[in-house]
**Q** 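Please find one structure pasted underneath; my questions will follow.
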Amino acid sequence: MNIFMRHLVTEMGQDQTKHQIEKGLKLYQSNETHKALHVWTKVLEKTSDPGGKFRVLGCLITAHSEMGKYKEMLKYALAQIDAAREMEDPDYLTEGYLNLARSNEKLCDFQKTVSYCKTCLDMQGTTVSLQLNGQVCLSMGNAFLGLSVFQKALESYEKALRYAHNNDDKMLECRVCCSLGNFYVQLKDYEKALFFPCKAAELVNDYGKGWSLKYRAMSQYHMSVAYRKLDRLSDSMECCEESMKIALQHGDRPLQALCLQNFADIHRCRSDVDLCTLKVHCLREGIFRSREQQQELRQQVVKFLQCVEELELYCAMCGESIGERDQQLQALPCSHIFHLKCLQTNGTNGCPKCRRSSLKPGFV
């Protein structure tokens, strides 16, 4: 085969690789993640083009990040670095090290994240590499926050914001604002913790028409956390529901997990209020009993029992209230709670309340 024919075959191979990568992207954007992964994996197996290999590895890194499969993400990031080294291109190397930093950030290996970010910043690439520096600073800020080095985290976020403003990069600005929201939650400055994700939400509304829905989901989640910390539970629930809805549509499993945790915290906060009410009823019942005020006593007993019923603070087997005496309890996988003695006496293999399997119960 002469040189011309070889060049032609190479170009055809590159075009086919590009076409398959774009096919995978369309499937991924349509939430057909597994089909997209299948297409990209086949491309990776067949292509001999280093550039095509680098790009498809980037797609696989992003997909596995959003699926929460961080070890797989790291595996593809390491392969991408090898492809970048093969091409000896500083721009590709910078992007490769950035993905390696992000992978380690997701795996909470923050020291390695900082190290790879510093490698990125030391690379002498072209304008393309310099445009990635804002994302590098953001990842470094997240790593410093994970290490509780708050001053360096804030410095990195401020640098990332400057890069975002200088390059008019609204997506990066949105991501930095969300990270700053998390930063101020940890510092317990909840007004600022709300301000920054609200700013991110404004950016999504003003500029995010063509953006991925994950930016809206991310801003809504961080707003929800801040609202919860400010005890604005209804606003927190509304934002968390919006974030969860998008996370489910997008298949973003890590965000789904964060939303579930936040839902639990919101309900816990609401239950704390209910438990305080229960405690007040209990104390007032004792006061009226000691004063022999029978009518008021009966009213308090009724309110106490209503509160117990609403909170399901009773054993469904014996009917007695839970928590009045120091008794050993048992929680089944369905989250229903009973007196351990009641379950042992009845010897049931399923939950007496919902009839679900009671395998692998835990003790409370």
Side-chain angles (χ1 to χ4, degrees), residues 65-66 102 105-106 134-146 148 150-250 252-270 273:
S65 172
E66 294 186 354
R102 285 172 173 165
E105 178 196 329
K106 297 294 186 183
Q135 297 179 42
V136 174
C137 289
L138 172 59
S139 190
M140 187 180 284
N142 292 338
F144 280 131
L145 185 58
S148 298
F150 297 111
Q151 187 61 44
K152 287 187 176 180
L154 185 57
E155 288 172 2
S156 296
Y157 290 143
E158 287 173 345
K159 285 180 183 177
L161 270 182
R162 283 199 294 274
Y163 279 114
H165 292 151
N166 292 339
N167 294 311
D168 198 29
D169 189 340
K170 302 299 182 184
M171 284 187 184
L172 176 59
E173 186 178 352
C174 177
R175 290 171 59 200
V176 177
C177 285
C178 288
S179 288
L180 281 166
N182 185 34
F183 174 84
Y184 283 108
V185 163
Q186 295 200 31
L187 292 183
K188 301 186 187 303
D189 186 342
Y190 301 132
E191 292 295 338
K192 283 185 180 176
L194 179 60
F195 170 80
F196 283 104
C198 283
K199 174 65 176 175
E202 286 178 14
L203 289 166
V204 172
N205 290 333
D206 293 343
Y207 303 99
K209 190 175 180 180
W211 296 6
S212 167
L213 284 172
K214 68 180 181 182
Y215 288 95
R216 177 170 177 78
M218 187 168 53
S219 62
Q220 291 294 313
Y221 165 74
H222 287 285
M223 285 169 64
S224 177
V225 172
Y227 277 134
R228 175 171 57 81
K229 293 293 187 180
L230 290 165
D231 206 30
R232 293 170 60 178
L233 299 183
S234 58
D235 290 329
S236 180
M237 180 62 79
E238 185 179 340
C239 290
C240 201
E241 285 174 347
E242 176 68 14
S243 182
M244 186 60 153
K245 179 182 174 183
I246 297 169
L248 288 168
Q249 290 174 350
H250 198 67
D252 191 333
R253 292 177 65 188
L255 185 55
Q256 289 171 31
L258 289 171
C259 287
L260 284 172
Q261 183 181 18
N262 197 40
F263 278 135
D265 286 333
I266 293 167
H267 285 299
R268 179 178 55 78
C269 292
R270 285 178 170 176
V273 175

**Q** Could you walk me through whether Glu66 and Arg253 pass side chain to side chain contact (heavy atoms under 4.5 Å, CB included), step by step?
**A** CA-CA 6 Å; Glu66 294 186 354; Arg253 292 177 65 188; over 6 Å; no

**Q** In Å and rounded to the nearest 0.5 Å, what is the CG to OG distance from Leu248 to Ser243?
**A** 9.5 Å

**Q** What is the minimum heavy-atom distance between Leu255 and Ala217, and which atoms define it?
**A**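 That would be CD2-CB, 3.5 Å.
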
**Q** Can you list the residues that meet the salt bridge (Lys or Arg N to Asp or Glu O under 4.0 Å) rule with Arg175, with sequence neighbours excluded?
**A** none

**Q** Flag the pair Gln186 / Phe150 as yes when at least one side-chain heavy-atom distance between them is below 4.5 Å, and no otherwise.
**A**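 SC-SC contact between Gln186 and Phe150 confirmed.
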
**Q** Of the non-hydrogen atoms in Tyr190 and Ala226, which two are nearest, and what is the gap between them?
**A** O-CB, 4.4 Å

**Q** Could you go step by step and tell me if Leu145 and Leu154 meet the side chain to side chain contact (heavy atoms under 4.5 Å, CB included) rule?
**A** CA-CA 8 Å; Leu145 185 58; Leu154 185 57; over 6 Å; no

**Q** Specify the closest pair of heavy atoms between Tyr184 and Ala193, including all atoms of both residues, with the distance to one decimal.
**A**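 Reported closest heavy-atom pair: CB-N, 3.7 Å.
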
**Q** Hey, are the side chains of Asn167 and Leu172 touching, using non-hydrogen atoms and a 4.5 Å cut-off?
**A** no

**Q** How far apart are the closest heavy atoms of Gly181 and Phe196, and which atoms are they?
**A** N-CB, 4.0 Å

**Q** With rounding to the nearest 0.5 Å, note down the distance linking CE in Met244 to CG in Leu260.
**A**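 If I round to the nearest 0.5 Å, the distance is 3.5 Å.
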
**Q** Quick one: does any side-chain atom of Asn205 pair with a main-chain N or O of Ala201 as donor and acceptor, under 3.5 Å?
**A** yes

**Q** Drop me the distance from Tyr221's OH to Asn262's CG, to the nearest 0.5 angstrom.
**A** 5.5 Å

**Q** Output the distance between atom NE2 (His222) and atom CG (Leu180), rounded to the nearest 0.5 Å.
**A** 10.5 Å

**Q** Using side chain to side chain contact (heavy atoms under 4.5 Å, CB included), reason through Ile246 and Arg216 one step at a time and then give a plain yes or no.
**A** CA-CA 8 Å; Ile246 297 169; Arg216 177 170 177 78; 3.8 Å; yes

**Q** By ring-ring contact (aromatic ring centres under 6.0 Å, His included), which residues pair with Tyr215, not counting sequence neighbours?
**A** Trp211

**Q** Apply side chain to side chain contact (heavy atoms under 4.5 Å, CB included) to the pair Phe263 and Glu241, showing each step before the final yes or no.
**A** CA-CA 9 Å; Phe263 278 135; Glu241 285 174 347; 3.8 Å; yes

**Q** Mind checking the CG-CD spacing from Asp169 to Gln135? Nearest 0.5 Å is all I need.
**A** 7.0 Å

**Q** Take a 6.0 Å sphere around NZ of Lys199 and say whether it holds more than 12 heavy atoms from other residues, nucleotides or ligands.
**A** no

**Q** Between Cys239 and Tyr227, what is the shortest heavy-atom contact and its length?
**A**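 Minimum heavy-atom separation between Cys239 and Tyr227: SG-CE1, 3.8 Å.
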
**Q** Look at the side chain of Glu105 and the backbone N and O of Ala143, then say whether any donor-acceptor pair between them is shorter than 3.5 Å.
**A** no

**Q** Without placing hydrogens or testing angles, list every side-chain donor-acceptor pair under 3.5 Å for residues 231-238, not counting sequence neighbours.
**A**
{"residue": "Arg232", "atom": "NE", "partner": "Asp235", "partner atom": "OD2", "Å": "3.1"}
{"residue": "Arg232", "atom": "NH2", "partner": "Asp235", "partner atom": "OD2", "Å": "3.1"}
{"residue": "Ser236", "atom": "OG", "partner": "Ser224", "partner atom": "O", "Å": "2.7"}
{"residue": "Ser236", "atom": "OG", "partner": "Ser224", "partner atom": "OG", "Å": "3.1"}

**Q** Measuring from Lys214:NZ to Met171:CE, what's the distance to the nearest 0.5 Å?
**A**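 Taking NZ in Lys214 and CE in Met171, the distance rounds to 8.5 Å.
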
**Q** Could you tell me which non-hydrogen atom of Ala200 sits nearest to which non-hydrogen atom of Cys178, and how far apart they are?
**A** CB-SG, 3.8 Å

